[in-house]
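Lettering of chains follows the sequences in order, A, B, ..., and the numbering in each one begins at 1.
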Amino acid sequence: MTTDPSFTNQTFKIIGTRVPRPDGLDKVTGRARYGADASAAGQLVGLILRSPHAHAQIKKIDISKAEKLPGVKAIITSDDLPDLVKGKRDMLDILENCMARGRALYDGHAVAAVAAIDAETARQALKLIKVEYKVLPHVTDVDEAMQDNAPVVQSWVRTTGNPESNKPTNVCQVSQFGHGDIEAGFAEADVIIERSYKTEQTHQGYIEPHACLASVGPDGQGELWVTTQGHYTFRTQCAQLLGMDIAKLKVTSSEIGGGFGGKTHVWMEPIALALSRKANRPVKLVLTREEVFRGTGPTCSTSIDVKIGAKRDGRITGALAVLRYQDGAFPGIWGMLGGMTAWACYDLPNVKAIAYDVLVNRPKVAAYRAPSAPMAAFAVESTMDLVAHQIGMDPVDFRLLNAAKEGTRASYGPTYGPIGIRATLEAVKNHPQMKAKLGPNQGRGMACGFWFNFGGQTCATINIGVDGTVNVSVGTVDVGGSRASLSLIAAEELGVSYESVKCTIADTASLGHNDTTEGSRGTFSSGMAIIFAARNAVNELRARAAKTWDIPVEEVEWKDGQACAIGMQHNNLEPLSLAKIAAKSPRTGGPIAGHNETVADGAGVSFASHICDVEVDPETGATKVLRYTVIQDAGKAIHPDYVEGQFQGAAAQGIGWALNEEYVYGKDGRLQNPGFLDYRIPVCSDLPFIDTKILEIPNPGHPYGIRGVGETSIVPPLAAIGNAVSNAVGVRMNHVPMSPPRILKAIKAQRAAG
Amino acid sequence: MKIAVTGLLRGAVGGAASIDIEAATIRELMNKLVERYPQTESHLDAGIAVAINGEIFRDNWGEPIPVGAEVVLMPRINGG
Amino acid sequence: MRYEAPTSTKDAVSLLSKAKGNAFVLAGGSDLLVRLKSGTIDPDLVVDIKRIPAMQSISKSASGFKIGAAVSCAQLGENDALKKAWPGVVEAANLIGSDQIQSRCTVVGNLCNASPAADSVPAMVAAKAKAVVVGPKGRRTVAVEDVVTGPGKTSLKKGEVIEAISLPARKGKTGDAYLRFTPRTEMDIAVCSAAVSLTLGRGGVVDDARVVLGAVGPTVIVVPAARKAIVGTKLDDGAIAALVAACEAACRPIDDKRGTIEFRTEVAGVLAKRAARIAYQRAGG
Amino acid sequence: MSGVHVTTTINGDAVEFVCQPGEVLLDVLRDRVGLTGAKEGCGTGDCGACSVTVDDRLVCACLVLGAEVEGRTVTTVEGMASGGKLHALQSKFIEHAALQCGICTPGFLVSAKALLDRNPDPSETQIRYALAGNLCRCTGYDKIVRAVQAAAKELAVDATKAAKKSAKKAVKKSA
């Protein structure tokens, strides 16, 4: 594990050190409180009844028997959730996903919910609710859903974008990206490779199921304790869907047991609040693992065609991708994101991506770590290796020759500033793994990946205590250790020790709106707000020092955590430390604070290149990952341990996706493997140590040069492993996951072909 | 000033890859966009991002657009 | 539901035979409690057998080993004598689930759950293990392969429990092995599996053998043709090829979320080949 | 529905509770005893987030009935630290950044302790297989394995020190 800071020219005192995280003790002793760890006096247990059908008309829901069961306090159906958003489609979709409105759109779609005095009573009540369904034809495969005769999932959907259409369809949008003349590019090429790929649906697989404790009274005031990536977003959505005042719903984010995009919008939280409102008692609602798989938002399955044309010298002359992503039963932008990211690593004169967003009878797709990019990268990066092979060029050299750089026009539109793709490729070339010997049936592969990263609305407050310790309040949920990084930033900016800073994730009543922790924005945007808040606090500290000394504030500067008087006339004044100023604050104007409200724009894109060695058992098709290296541009690594942790975790998710993870649907449209037994995420013995190399290519859009680091490294593994498998046993896998049956089949087919 | 249009938005501006609008800020650009191409209004509600010289702005409509800047209208996107 | 933890086999049998409604035996609970919680079973009575002394130990005698029904698979792995005599049976038992599951799961539970993919069953069948069944009408001994009659179904009658599994003593040059295929290194259910137990005669020639396949049919499959293929040989390439062909021919698998017919059939042959070689080596061949 | 009365020992304390016959130990610990350190990640024994020990055997608390622990000894993550002193595994997990979201951490700690109690000097492979019943989705396991290795090393040093100390005492006594 190494960090290469040679690109950065900033120097820091404590940024970049590996301090212990502030929430560590609570988490190793079992004291940390997650979604399901809260209780309220008099709380009820909430449970949800879900559709067993992939697509069905709900003719009647009879709750009369369940209502009479002693201990049942509230039952709700969509009748209890009227459309209060006046047909505003994205919100109505969320509401309809929370509870079916006349039609069950996928296996696991909620149709009713109950709150009862205990779990056993609630379970019995669910059994007593009688739902009359009329089963409708369904479709779960993205290519089948695009056929003219496919069952239509949502009758109101028409194709928007380019081209548009006005007839009922499952294609909700078509987006096009790119520039240049693609046909001329292919005409110029010496070599053209064209391939089709498929990837199956995967789930984020966070270990903590969704859980919340909701309490709403008849006075319209409410509280929600919930595991979420964005409690402000949850507040807004719940308030709008239930007709509550935003200010009167206080949402507190619990410790979150993983999200990866899956906890970015509401699933059952409005149901819990509605049950609580109806029963006038607190309701605790915790999903089972099966419900998490069937009823929350996995990522898309896809079908992608890629065509690359290149000259003999390795220059790519034309690049085309046609991407078909299923969004589940509600329109999304996931295909579009695939289209935007597909070619982002390269400097291409003629490039095009056509992306289709398609509806099927599966759960509403949610974001999953660099959403949509891994599938597009699998298709593009697999084809890149094929082209390199065809023209007889080393795959790393081929990528380096075509890599994007500062000034390259990105395939999705804008021109890049300083970026790190070439640096990661150079680092791959020089990495010892590239020279390590391989044994029989072993192969090495590499691949690149890209992700945007975001900023967004952010708010932070710094309060300085009379003893000189510092409270930092932020509104971005800490998913992976950001409280440590944010404390480091506050300490660096104020010039105090890390130990004197305490960072808290504020509830919605204590701080202004913050966008959800998604798009790798937590440390980037809250870090930015903290820097500005700290600078405001420093201004106040300077003013207080000036008051103490009775000199103009302009003559006070902040240096190394203390106020210093500038100029000859004050040179006998001893500097005042933050602690000294704080101690006097009651008599110099009261509490000292600094706050900042901002839209943290200027997030920098990031790139990763991965190297992977595998061994394939040619008799069973089993693949073992022997060695794995992640090289990624981090901008500036605030806390290197947690940057490495993000790289390693993302790579592990990508490896699981590449080899084993998939949603398996039966012919009946029902999910066959809604559990950790048969939805196979990697276990400890499946993986080697994952080596990392952090490159620090500063983002000019951030005072410290920070880029998001959380997502990019889930992008390369699918193709890196596919390329490694191909180099190990000579078969090109075009279907993810590359499970043993698929690899063995490919090996047999190749043997048969001679 | 040439404004590049990507993705879905092209459908709302008649399929053009770029359009001409003079604007000094993102707000002025958005106002003129809706005025000229009413179909873009629904996209504006869902969110548009504007890249000015490669830097992407999602919410900051006060951002000035320098003379001669590269301006790209992009979909507003989210992550995991 | 009622929970009882009797302290004798007799009391357990009495509780089970008198039970009204659905009665289940709880040993390790790693299958039963999953089914209980998912609502696939709705027991009126659960009889926990872990407090019955006769079911708690592994005993060795001249005739072989007796493994009590409540002995966890982890305990099997800690018994050196058993491991030495029947390494294949022990490794099969130790493959079930994680360390957490190992602390609880039992080979009798694995058998009575009657899953075609049970890890310990092919190895026990290859070892000619027998189940000691106690019921209201007394005690009987049944070959392990006759306990399971189909997926989720056993030949046990109302009120009957398996008190122990007996494994024969080992004489001469013997070896056994069990291999299964799973997509991950741990935690999966076998996609297909193979157990081989063999005895060597003079000059390293296979005198006797038993080849058993798992997860390729409704119950485990004993493959006499595979035995025939290797008996009288030193596991030369021709014998191995015949063994593989016999195993493939014996497979009657299904397509499901865990594997295809094609994959299971082919890999069952591969596993039988590899298991036979390990067993041969263990026998000193 | 009649409850089962259970007398047991949890983290060294005598505890009594009444639970339903079908209620699992995990629910008893979390909802009746107030120990929420063990988490439910799956409820089917596939994730290990609810790992605890019963009579020093590592189990998933979601696959044990509450009624089964009558007279037994249960240990959870809450019982790992002794007073103000963290167990070496706990401090090494913090030091090596072996947790991100932390939901799996209690289970990993209990499992790793069960491993080191049994095998004080495990190889990397032994650690990986011993922890295969605990799923982590954040870390890729890298830093977890390193933390367990570091804890094993520290415990070995502690054990040597303790042995030397008691040897010295023995020498003094005999003298």
Side-chain angles (χ1 to χ4, degrees), chain A residues 18 20-21 23-34 36-37 39 119-120 204-209 255-260 286 288-290 479-481 484 628 639 641-642 644-653 655 675-677 681-692, chain D residues 1 20 22-23 27 30-31 34-47 49 76-78 80-81 86-87 89-91 93-107 109 124-125 127-146:
Chain A
R18 298 172 187 252
R21 61 192 289 163
D23 51 330
L25 188 96
D26 280 353
K27 286 182 175 172
V28 299
T29 53
R31 286 211 283 268
R33 288 165 78 235
Y34 293 82
D37 296 339
S39 297
E120 189 47 44
Q204 300 84 351
Y206 33 82
I207 307 299
E208 181 200 27
E255 290 293 344
I256 175 174
F260 315 109
V286 180
T288 63
R289 178 55 53 184
E290 181 182 331
V479 187
Y628 203 98
H639 193 310
D641 275 344
Y642 292 101
E644 288 161 6
Q646 289 293 327
F647 290 6
Q648 291 163 335
Q653 284 184 318
I655 291 168
F676 279 142
L677 182 61
I681 77 174
V683 300
C684 195
S685 46
D686 289 337
L687 297 174
F689 283 124
I690 295 170
D691 199 9
T692 61
Chain D
M1 280 217 308
Q20 292 305 312
E23 193 173 331
D27 292 341
R30 291 178 55 82
D31 300 338
L35 293 173
T36 56
K39 309 295 179 191
E40 176 158 326
C42 67
T44 51
D46 295 306
C47 81
T76 71
V77 70
E78 287 95 339
M80 261 183 93
L86 293 182
H87 187 276
L89 279 160
Q90 292 173 308
S91 46
F93 264 58
I94 298 176
E95 195 181 307
H96 285 258
L99 55 138
Q100 283 177 32
C101 82
I103 192 89
C104 70
T105 307
L109 288 168
E124 183 204 331
T125 304
I127 293 173
R128 288 190 180 277
Y129 276 85
L131 299 180
N134 293 80
L135 297 180
C136 169
R137 194 59 158 170
C138 294
T139 64
Y141 305 105
D142 186 295
K143 293 181 190 297
I144 291 175
V145 175
R146 290 180 201 277

Task: Which atoms of A:Gln204 approach chain D - backbone, side chain, both or neither, heavy atom under 4.5 Å - done: backbone
Open item on the list: If I measure from the heavy atoms of chain D, does A:Tyr642 come under 4.5 Å with its side chain, its backbone, both, or neither?
Closed with: side chain
- [ ] Before accepting this row, confirm whether a basic side-chain N of the pair A:Asp26/A:Arg33 lies closer than 4.0 Å to the acidic partner's carboxylate O.
- [x] no
Open item on the list: Quick check on the interface: out of A:Pro209, A:Gly675, A:Pro20, A:Ser39, who has the most heavy-atom pairs with chain D under 4.5 Å?
Closed with: A:Pro209
- [ ] Please report the closest heavy-atom contact between A:Tyr34 and A:Lys27, naming both atoms and the distance.
- [x] OH-CE, 3.4 Å
Task: Toward chain A, the part of D:Leu86 with a non-hydrogen atom under 4.5 Å - done: side chain
Task: Most chain A-contacting option - heavy-atom pairs closer than 4.5 Å, from D:Asp142, D:Ile127, D:Val77, D:Val145 - done: D:Asp142
Open item on the list: Is D:Thr44 close to chain A through its backbone or its side chain, or both, or neither, when contacts mean heavy atoms under 4.5 Å?
Closed with: neither
Open item on the list: Only pairs of heavy atoms separated by less than 4.5 Å count here; which of D:Gly37, D:Ala132, D:Ala38, D:Pro106 has the most with chain A?
Closed with: D:Ala132
TODO: With a 4.5 angstrom heavy-atom cut-off, could you sort out which part of A:Leu25 is near chain D: side chain, backbone, both or neither?
DONE: both
TODO: Go through the atoms of A:Ala32 and report whether side chain, backbone, both or neither lie under 4.5 Å from a heavy atom of chain D.
DONE: backbone
Task: Side chains of D:Tyr141 and A:Ser685 in contact at under 4.5 Å (non-hydrogen atoms) - done: no
Task: Student check: side-chain heavy atoms of A:Ile207 and D:Asn134 closer than 4.5 Å - done: no
Task: Pair A:Asp37 + D:Arg30, salt bridge at N-O below 4.0 Å - done: yes
- [ ] Check whether D:Glu124 gets within reach of chain A through its side chain, its backbone, both or neither, counting any heavy atom under 4.5 Å.
- [x] side chain
Open item on the list: Rounded to the nearest 0.5 Å, what separates atom NZ in D:Lys143 from atom CG in A:Asp641?
Closed with: 5.0 Å
Task: Interface moiety of A:Glu208 toward chain D, non-hydrogen atoms closer than 4.5 Å - done: both
Task: Side chain proximity check, D:Glu40 to D:Asp27, heavy atoms < 4.5 angstrom - done: yes
- [ ] Give the member of D:Asp31, D:Leu135, D:Leu131 that has the highest number of heavy-atom pairs under 4.5 Å with chain A.
- [x] D:Leu135
Task: Side chain, backbone, both or neither of A:Ile256 within contact of chain D (heavy atoms, under 4.5 Å) - done: backbone
- [ ] With a 4.5 angstrom heavy-atom cut-off, could you sort out which part of A:Tyr628 is near chain D: side chain, backbone, both or neither?
- [x] neither
Open item on the list: With side chain to side chain contact (heavy atoms under 4.5 Å, CB included) as the test, pick out the partner of D:Leu99 among D:Thr105, D:Ile144, D:Leu109.
Closed with: D:Thr105
TODO: Compare every heavy atom of D:Gly41 with every heavy atom of D:Cys47, then report the nearest pair and how far apart it is.
DONE: SG-CA, 3.5 Å
Open item on the list: Is the shortest side-chain heavy-atom distance between D:Phe93 and D:His87 below 4.5 Å?
Closed with: no
- [ ] Let me know if D:Glu78 has heavy atoms under 4.5 Å from chain A in its side chain, its backbone, both or neither.
- [x] both
Task: Interface residue of largest heavy-atom contact number with chain D, from A:Thr288, A:Asp691, A:Thr29, under 4.5 Å - done: A:Thr29
